[in-house]
Amino acid sequence: MLAVVWLAALTLLAATVELLPVPAYDSIVGAPFQPMLSPDAPLGTDAIGRSIFSRAIYGARASLTFGFIAAVIALVLGGLLGLVAGYFRGVMETLVDLCSEVVQAFPAMLFLVALAAAIRPSLATLTISMAVLMVPAFARMMKGAVLAQTGREFVSAARAQGAGPLRIMFREILPNTLMSIASFGIMVMATLIVIEGSVSFLGYGIPAPQPSWGGMVAESQSQLATQPAAVMIPIVFLFLTVFALNTLSDWMRSRFDVGQNQI
Amino acid sequence: STEAAAQSDPTREAAAGGELTMLMYVPTRSFDPADDNTMASTGDATRMSAVYDLLLVLDPVTGEVRPQLAESMTPNEDGSVWTLKLREGVSFSDGTPLDAEAVRFTYQHIADKGIASQARAIASWKMEVVDPLTLQITIPSPNMHLDRTIADALPFIVSPTAVQADPEGYSSKPVGAGPFVLSEYVPDDYEVYTANADYWQEGLPKLDGLRLELVPDAAQRINTIASGAANVQAPSSDADAALLSNAEGQGLVHFGVEQSGGGWIYMNNERPPFDDERARRAVYLALDRTELAQVALGSADATAIDTLFVADSPYHESEVRFPEPDAEEAQRLFDELAAEGRPVELSYINIAGEVNSRTAQYIQAKLSEFENVSVDIETLDVTAARERVFVNRDYDMSPYPGAYKFPDPEPGLFNLLSTGAMWNTTGYSDPEVDAALAAARATADPEERRAQYRTVQERFMEDLPGLFTFTPTITVIAEPKVTGLSYNARGVVSWPEVGFAAD
Amino acid sequence: MTQTAVAAATPQAPATEELLAVDDLSCTLTTPRGELRIVDGVSFVLRRGETLGIAGESGSGKSMLSRSLMRIAPRSAELTGSVRFDGTELLGLPVERMSRYLGPQMALVFQDPMTALNPVVPIERQITEGPRRHLGLSRGQAKARALELLELVGIPEPRKRLRQYPHELSGGMRQRVMIAIALACDPQLLIADEATTALDVTVQKQILDLLQEIQAERRMAVIMVSHDLGVLAGRTDRTMVMYGGRVMESAPTRELFAHTRHQYTRALLDAIPRMDQPRHTLLRAIPGVPPDPAAELAGCRFAPRCAAAIERCRTAVPPLEAATTGSDHLYACNVPVNRDGRRPA
Amino acid sequence: MTSLDVVRDPAPTAEPGAATEPRPPAEPGSLSELAGPGEVVLEVEDLVQRFSVPGGVVHAVDGVSFVLRRGETLALVGESGCGKSTLARSLMRLQRPRSGSVRLLGEELTAMPRRRLRRMLARMQMIFQDPISSLNPRRRTRDIIAEGLRIHGAERAGIPARVREVMGEVGLDPDTMSERRPGDFSGGQCQRIAIARAMALSPEVLICDEPVSALDVSVQAQVLNLLERMRREHGLGMLFISHDLSVVRNVSDRVAVMYLGKIVEIGDTDDVYAAPAHPYSRALIASVPAPGGAALAADAELRGELPSPMRPPSGCRFRTRCPLASDRCASEAPAFREIVPGRRVACHHPLIEALPAAQTAGAGS
Amino acid sequence: MGVRLLRLVPVMVLITLLATAAVDFMPGSPAVAILGNEATPEQIAALTTQMGLDQPLFARYAEWLAGAAQGDLGRSIRLDLPVAEVIAQRLPVTIELTILALCIALLLSVPAALVAGANVGGWVDRVASTISSALISLPSFAAAVILIYLFAIRTKVFPVSGWVPFAQDPLANLQHAFLPALVLGLMEAAMFYRVLRSDVIATVRETFVLAARARGMSKGYVLMRHVLRPSLFSLLTLTGLALGRLLGGAMIVEVLFALPGLGSLLLQSVPSRDIPVIQGVVLVIAAVYVLVNIAVDLVYSAVDPRVRVRSAA
Ligand SMILES: Nc1ncnc2c1ncn2[C@@H]1O[C@H](COP(=O)(O)OP(=O)(O)OP(=O)(O)O)[C@@H](O)[C@H]1O
Ligand SMILES: Nc1ncnc2c1ncn2[C@@H]1O[C@H](COP(=O)(O)OP(=O)(O)OP(=O)(O)O)[C@@H](O)[C@H]1O
Ligand SMILES: [Mg+2]
Ligand SMILES: [Mg+2]
């Protein structure tokens with residue numbers, strides 16, 4: 001599985017980058033726009049003379065932690081909300097629907113731009129705000145999955161056994177929705193990384209000098225005609241990562257579906 | 001660029017006719033000069049120049065004032081009363097005459113609105129219409145160089161009739177005496193202008209029409225011109241070398257005029273760490289400003305500003321220079337400050353944008369090579385940054401958007417350095433500098449002025465209140481066939497002569 | 001595609017009457033689990049006007065057999081053997097020519113009318129598309145024919161129904177529509193694959209009666225597939241019992257029930273509760289579960305569940321043959337049920 | 001509770017006493033059970049269940065009353081959509097009934113607080129039609145079976161032993177099957193797990209909603225035998241829902257025929273099959289296809305289709321399809337009355353009055 | 001349907017309130033934005049009072065809401081024009097872009113998905129699926145950068161930026177709209193393709209498709225007449241979502257291509273704290289979103305007769 005290899009390698013690099021003999025992301029290692037394979041900068045240098053490789057790896061760290069943590073927070077919160085809303089219906093369901101409608105109809109970019117100005121953007125604030133933004137999506141998705149599961153006979157069977165709502169939600173319904181919500185989570189993680197890239201590209205994301213793939217593209221975008229590498233390398237990193245995550249999510253879903261069919 | 005420039009001469013005379021499309025950076029805010037507080041050539045000023053023409057023109061290199069709509073502007077002997085004489089027979093496109101009353105009305109209008117940078121100053125003037133073509137202006141503190149302020153910041157005159165007819169809507173329906181008349185305006189998109197048939201200069205403007213289009217992204221502007229969909233981009237002062245070479249690569253030409261002044265980064269002299277001269281000096285010594293210029297402009301040929309005035313300027317002092325980089329000394333100063341319990345920990349308020357962002361990151365990266373110094377970059381949008389830096393003065397370093405230019409030290413250098421002056425956001429205050437600036441303002445004698453400004457330059461190099469980076473250049477990127485381009489010190493195009501080469 | 005001589009395997013078929021001759025038909029599916037032989041060496045002959053019942057448990061390959069006959073099995077299916085329809089070998093026909101047989105020559109009625117009717121297409125088009133393609137009818141002619149057909153299958157207010165969608169009809173009506181669609185091009189052979197399984201007993205009876213009526217009227221040949229032996233009992237000329245893709249026993253229906261020979265058929269009959277038994281009678285269940293088509297079995301497919309199985313059953317496949325020459329009661333069993341072992345009907 | 005040898009020597013596939021043994025004779029014991037009116041374990045009175053759907057109200061169950069005695073199997077037959085499942089679900093309070101009463105072992109369930117109800121449900125268990133979907137695909141067999149015990153607070157240490165015991169009882173091998181998940185099993189095995197799950201709680205009432213209709217005929221017999229054994233060994237009262245009249249004939253002591261939300265006839269199975277009193281019962285029984293099935297009286301044939309439960313016909317609900325319908329049927333809903341001892345019918349023109357009570361001939365032969 | 005229309009109200013109120021609050025929390029008031037660098041605190045205070053910005057957020061919002069309810073969206077601070085006029089000027093661009101993008105997306109995805117779904121594992125399926133996975137993983141800014149590089153810088157086939165109104169020069173208009181619409185369309189096409197393909201795969205397995213084949217219908221006929229329509233539901237939902245999203249302005253693409261649409265209007269209004277315009281745009285976006293979703297429900301019933309009955313009943 002190439003996707004897993006790429007993700008694992010990237011995660012490993014990102015996690016251990018301080019121990020590796022690569023320059024810091026904000027130190028100048030040479031003249032601007034050094035070509036590939038120069039000493040200290042295997043992928044060349046950017047407009048300021050920093051190593052693109054270092055920055056791409058540190059950017060991976062930012063993107064991966066951001067995407068992962070935001071997705072997990074949103075998954076847990078949204079999952080629980082959706083579980084409750086899907087099982088009890090009523091007011092909770094209306095509320096979840098309303099929230100998700102509001103969030104979906106609200107221009108996310110406006111929210112992020114305003115947020116970037118209102119509170120000082122940092123990886124943490126960005127993570128939390130994106131997580132909050134994604135909660136309704138998970139809630140809605142979970143609600144759908146729960147509704148589908150609640151209609152299945154084994155839930156009735158559990159109730160007929162005298163199981164209470166908590167037991168049914170967590171023992172019967174939740175395990176059956178985990179795979180689909182997890183694969184959705186991975187897809188959302190990919191989406192989040194794209195959003196982070198876009199926000200950073202517009203200049204409202206992860207604050208400089210911390211590298212972010214979107215920010216790296218923006219910093220060199222005007223040199224696209226003369227220095228395509230500086231623009232394309234972060235795009236390639238971003239693309240491969242998102243591609244790998246999407247592939248992983250697809251794979252999980254297809255596994256899940258097959259499991260479903262075999263039953 | 002030399003080759004391309006050689007093939008086309010931007011000042012060569014244009015043939016009559018044709019329609020020119022210029023790409024703009026900044027969306028149109030208003031066509032009312034009373035609403036413009038920046039006079040930026042990249043924004044409304046260039047548009048207004050087409051509609052209103054200019055009263056006086058300030059030469060970008062020599063700092064000389066040339067008459068345009070006005071015939072002359074002269075002071076009395078101490079510079080407390082100025083007389084503005086207007087040309088005969090100039091009228092607005094609505095047919096009403098551009099006379100002394102119109103000028104008075106315009107300045108009063110600006111003062112009343114209270115938005116333009118000179119609004120407060122005008123409020124203290126006494127204006128008197130002596131005869132239909134003569135306006136007398138009495139100013140509270142003598143200034144031998146008010147004509148430069150007028151040429152620089154108050155060159156546009158509105159039609160009083162039009163303003164009074166529709167005060168609400170005037171900002172989008174301007175009436176002036178310029179070479180062009182606004183015929184279509186789509187906010188945030190484009191404007192179309194047609195030649196003013198009654199323009200006061202015979203045979204001008206050259207062009208039949210003008211179209212100004214908004215394209216905020218720099219690379220896109222060049223690509224658009226290269227693709228033939230536009231002819232020229234608005235003059236700007238932060239020419240990014242990568243952009244220029246990109247333009248060259250696509251067969252475009254660019255013209256530049258170097259000016260005194262430079263890319264300018266405020267340092268907050270009113271609070272630690274930069275209330276200490278040593279901290280400011282240490283930053284100067286730590287940075288390699290040439291490298292900074294190269295990174296910011298994205299060009300290996302870029303150079304840093306090394307004197308306040310360019311060599312062509314009468315105030316150029318070749319030996320009064322910015323300090324050379326000296327890492328050891330910088331480190332020593334940082335250590336010294338840290339030892340005194342005043343470590344250099346600075347918050348850098350950055351304004352979103354590519355050049356700004358590179359500059360900030362270069363400074364951060366460079367200073368991070370030193371001990372006892374740290375930089376924390378916070379990027380904000382223009383308005384938020386403005387509130388932080390200009391209103392609240394809650395910053396340590398922050399870039400001036402664009403370059404700070406003074407073709408003549410009046411009024412630019414005065415506004416920048418004298419205590420409490422309009423643009424003195426650094427909070428710099430030095431009695432000696434204040435005195436020298438005031439003395440220079442009060443005299444018209446070139447030698448006297450030169451002496452006073454030498455003192456100012458010497459004090460500046462001692463105190464280093466802010467960080468000057470690269471030399472500003474008014475740059476135009478255009479198709480080779482565009483010609484007749486000239487601009488004032490602000491980089492505002494003088495539209496009448498602009499046109500296409502005859503062939 | 002291997003082709004066995006047709007004539008040899010079908011001694012009991014008078015050539016003139018013969019409509020469909022199937023010889024050694026096998027259907028093999030390639031799946032991730034391996035090659036599955038879903039239909040394994042099925043041979044039979046069907047005459048005009050005759051009704052053949054095919055019985056067997058779920059998964060015994062009944063549906064795949066019907067689909068193989070019409071060559072609408074999944075793409076991964078490989079068919080071998082021979083299917084001769086009215087003298088023409090179908091298995092080698094080009095797709096386009098084969099599709100000309102579907103409708104005017106042979107038609108299929110599906111088990112679940114809800115899923116076999118397109119929910120978003122009005123009844124009218126589903127009935128008329130066949131005649132328009134195969135019989136070249138105009139729009140108006142086809143509509144008239146559709147009305148006729150709906151009346152034939154006993155749907156009240158046919159004009160109104162034509163505009164309706166399947167979900168607007170009840171289960172029984174949907175199945176009638178299915179039959180109307182199948183009859184639309186006057187097929188010579190109608191295959192009813194569990195045509196009544198999804199229906200209530202009362203409706204099932206109506207539909208079966210309807211089918212019988214139409215068949216008699218048109219002298220159609222019918223293959224009636226069902227897992228319910230009861231359904232086949234009164235209504236077929238001949239019954240074939242399938243298990244694990246193979247034919248276990250094949251005999252004239254009366255004979256099959258009266259003189260069951262195969263152990264599997266016997267067990268199946270015994271496992272079904274009967275109306276004439278006292279209540280709470282324990283049934284003779286067949287132990288174990290139906291075979292997995294992926295499992296390789298050397299001998300008789302039923303051997304693992306068969307109480308009477310002997311060693312030979314597990315090693316060699318018993319051939320499908322008659323006990324006495326000339327008899328048309330064929331069975332593939334080493335230890336056939338004794339004639340006196342049968343229960344009173 | 002169960003014989004130890006079953007636990008020690010489980011026979012997961014071979015049904016003892018089924019295929020290997022000769023068919024046992026009809027059991028006289030069951031008759032005696034029926035004869036002496038046993039203890040009433042479930043008593044349903046005038047139960048009503050309605051659903052509001054866009055466009056109207058579905059009268060799914062409309063005033064159903066019956067009693068179920070210990071050790072007795074009551075079968076419920078009727079066409080698809082007549083409300084059988086809804087009735088079952090209402091009894092379990094999976095859907096709270098609109099009105100009426102359900103008394104389980106003398107306790108009223110309809111108004112019972114949820115907590116108590118849940119405890120009460122241990123005594124009444126249910127088996128669903130689709131064996132596979134009624135088991136959680138993500139849980140192991142032993143967890144599924146133990147779930148009820150855990151819910152009802154059985155002593156933790158005792159649970160595994162009890163699970164093994166029940167698994168043995170239903171013919172599942174505890175050693176090889178405990179750890180596997182429902183996906184690994186066939187439909188018949190899944191239904192055994194479902195039965196084990198229900199039996200683990202030692203209920204007194206078992207409701208089976210079409211427990212065998214999704215199974216193959218060969219496997220169906222295994223499950224029917226198992227249920228029969230459970231009933232006999234544990235003295236269960238069983239409500240057996242089915243549309244297969246042959247199966248009903250085999251398993252039930254009494255049968256209730258349901259039509260469009262109402263029970264139209266209830267009585268001893270043998271009697272009803274031999275001489276149905278309601279025209280609908282007769283039509284149903286006459287439609288059964290079987291080798292040597294019923295010879296059908298022409299007037300038993302039904303006309304038309306089941307009316308919509310949203311707009312049930314006035315008067316007698318069956319009148320639109322009834323060969324005997326009269327004007328009275330349209331205006332007056334027939335009372336559900338006892339016409340002979342042990343037999344109640346809701347019909348203005350019951351067939352049984354026209355027939356001599358002595359007629360016994362089995363339909364058909 | 002009525003219920004859904006009622007939902008419109010709280011959704012729109014919540015969204016506009018949220019937008020107002022978000023911009024309000026940003027440092028730097030409209031007064032600062034208007035007055036520029038050299039403004040004195042007194043000037044700012046005076047302008048703030050003059051514009052009524054010293055009132056509490058809720059009071060200001062309530063006032064705006066009251067106006068909006070009567071159709072008065074206020075006046076732009078930045079452009080000094082009525083908000084309705086500003087939006088009306090931008091809307092055609094966004095609408096055209098949306099329509100073009102959706103057309104591109106549907107034209108690319110529907111045939112590909114139909115063929116791929118009917119022949120899983122075939123070459124069309126393999127090629128189209130690979131492309132769609134790649135496109136889905138490509139952020140729109142990256143796609144735009146790459147397309148600009150290829151089509152505008154390298155080959156100069158299309159103009160890079162700007163906009164020519166359709167009425168003015170239809171050909172130039174299409175040229176300007178094409179690249180941005182392509183970027184948007186490709187993104188949506190990838191999503192559409194995936195969803196439609198999997199639905200087609202599911203439909204092809206349906207018995208009624210087999211039944212149609214059993215009637216001797218040709219493969220193409222079966223695909224077009226029996227497979228396509230029942231497979232359209234998820235695609236419809238997605239198209240509705242995309243329509244709502246695109247009509248709300250595709251910000252990045254509009255900014256990158258300098259298109260005067262709603263998205264770039266919104267982004268341009270933020271630095272100048274042009275709250276009335278932001279409120280107006282967000283209101284339009286929310287209304288469009290909710291209305292489009294209602295419209296999708298209506299289209300559902302056109303495609304699926306079963307829905308028709310359910311909602312009519
Ligand atoms: N597309 C397929 N891929 C793999 N296996 C298949 C496929 N279709 C059918 N089978 C397998 O082929 C066997 C025979 O299926 P078939 O549908 O012919 O049985 P049947 O006798 O009609 O059963 P039923 O009574 O359930 O309709 C089954 O084991 C089934 O799992
Ligand atoms: N939750 C519900 N909401 C609305 N209507 C329902 C609901 N449950 C059942 N119904 C309706 O109530 C009627 C009775 O349904 P029920 O499932 O009880 O029938 P059944 O006799 O069990 O049928 P089958 O033999 O098909 O299982 C049907 O018309 C059904 O559509
Ligand atoms: Mg079948
Ligand atoms: Mg049911």
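Side chains are part of it too, since the values below use all heavy atoms of this structure and drop only hydrogens, waters and symmetry mates.
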> Under a 4.5 Å heavy-atom cutoff, which of Leu14(E), Leu18(E), Thr16(E) has the most pairs with chain A?
Leu18(E)
> Below 4.5 Å, heavy-atom pairs only: which of Pro27(E), Ser198(E), Ser269(E) has the largest tally toward chain A?
Pro27(E)
> Between Gly197(A), Ala190(A), Ala244(A), who has the most heavy-atom pairs with chain E when the cutoff is under 4.5 Å?
Gly197(A)
> How far does CD1 of Ile136(E) sit from CG of Leu245(A), to the nearest 0.5 angstrom?
13.5 Å
> Considering residues, nucleotides and ligands other than Phe25(E), do more than 12 of their heavy atoms fall under 6.0 Å from its CZ?
no
> Sort Val102(A) into side chain, backbone, both or neither according to what part of it lies under 4.5 angstrom from a heavy atom of chain E.
both
> Set out, in order, the CA-CA distance, both residues' side-chain angles and the distance that settles side chain to side chain contact (heavy atoms under 4.5 Å, CB included) for Leu110(A) and Val281(E), then state yes or no.
CA-CA 11 Å; Leu110(A) 174 67; Val281(E) 174; over 6 Å; no
> Between Ala134(E) and chain A, which part of the residue has a heavy atom less than 4.5 Å away: side chain, backbone, both or neither?
both
> Which atom names give the shortest non-hydrogen contact between Phe239(A) and Ser137(E), and what distance separates them?
CD1-O, 3.7 Å
> Measure distances from Asp250(A) to the heavy atoms of chain E and classify the residue's part below 4.5 Å as side chain, backbone, both or neither.
side chain
> With heavy-atom distances below 4.5 Å as the criterion, would you say the side chains of Gln104(A) and Leu241(E) are in contact?
yes
> Relative to chain A, which segment of Val145(E) carries a heavy atom at a distance below 4.5 Å: side chain, backbone, both, or neither?
both
> Under 4.5 Å, counting heavy-atom pairs only, tell me which of Asp97(A), Val103(A), Ile193(A), Thr94(A) racks up the most with chain E.
Asp97(A)
> Quick one: what part of Leu138(E) sits under 4.5 Å from any heavy atom of chain A, side chain, backbone, both or neither?
both
> When you compare the side chain of Leu256(E) with that of Phe201(A), does any pair of heavy atoms fall below 4.5 Å?
yes
> Mind listing the closest non-hydrogen atom pair of Ala105(A) and Ile15(E) along with its distance?
CB-CD1, 3.4 Å
> Which pair of heavy atoms, one from Pro107(A) and one from Met251(E), lies closest together, and at what distance?
CB-CE, 3.5 Å
> Check the surroundings of atom CE in Met12(E): do more than 12 heavy atoms from other residues, nucleotides or ligands lie under 6.0 Å from it?
yes
> More than 12 heavy atoms of other residues, nucleotides or ligands under 6.0 Å from CZ of Phe68(A): yes or no?
no
> If every non-hydrogen atom of Phe141(E) is compared with every non-hydrogen atom of Gly214(A), which pair is closest and at what distance?
CZ-CA, 4.0 Å
> Non-hydrogen atoms of chain A under 4.5 Å away: do they reach the side chain of Val282(E), the backbone, both or neither?
side chain
> Does the side chain of Ile146(E) reach to within under 4.5 Å of the side chain of Met232(A), using non-hydrogen atoms?
yes
> Below 4.5 Å from any heavy atom of chain E, which atoms of Val231(A) appear? Answer side chain, backbone, both or neither.
side chain
> Once you round to the nearest 0.5 Å, how far does CG of Leu135(E) lie from CG of Asn246(A)?
11.5 Å
> Is the shortest side-chain heavy-atom distance between Val113(A) and Leu266(E) below 4.5 Å?
no
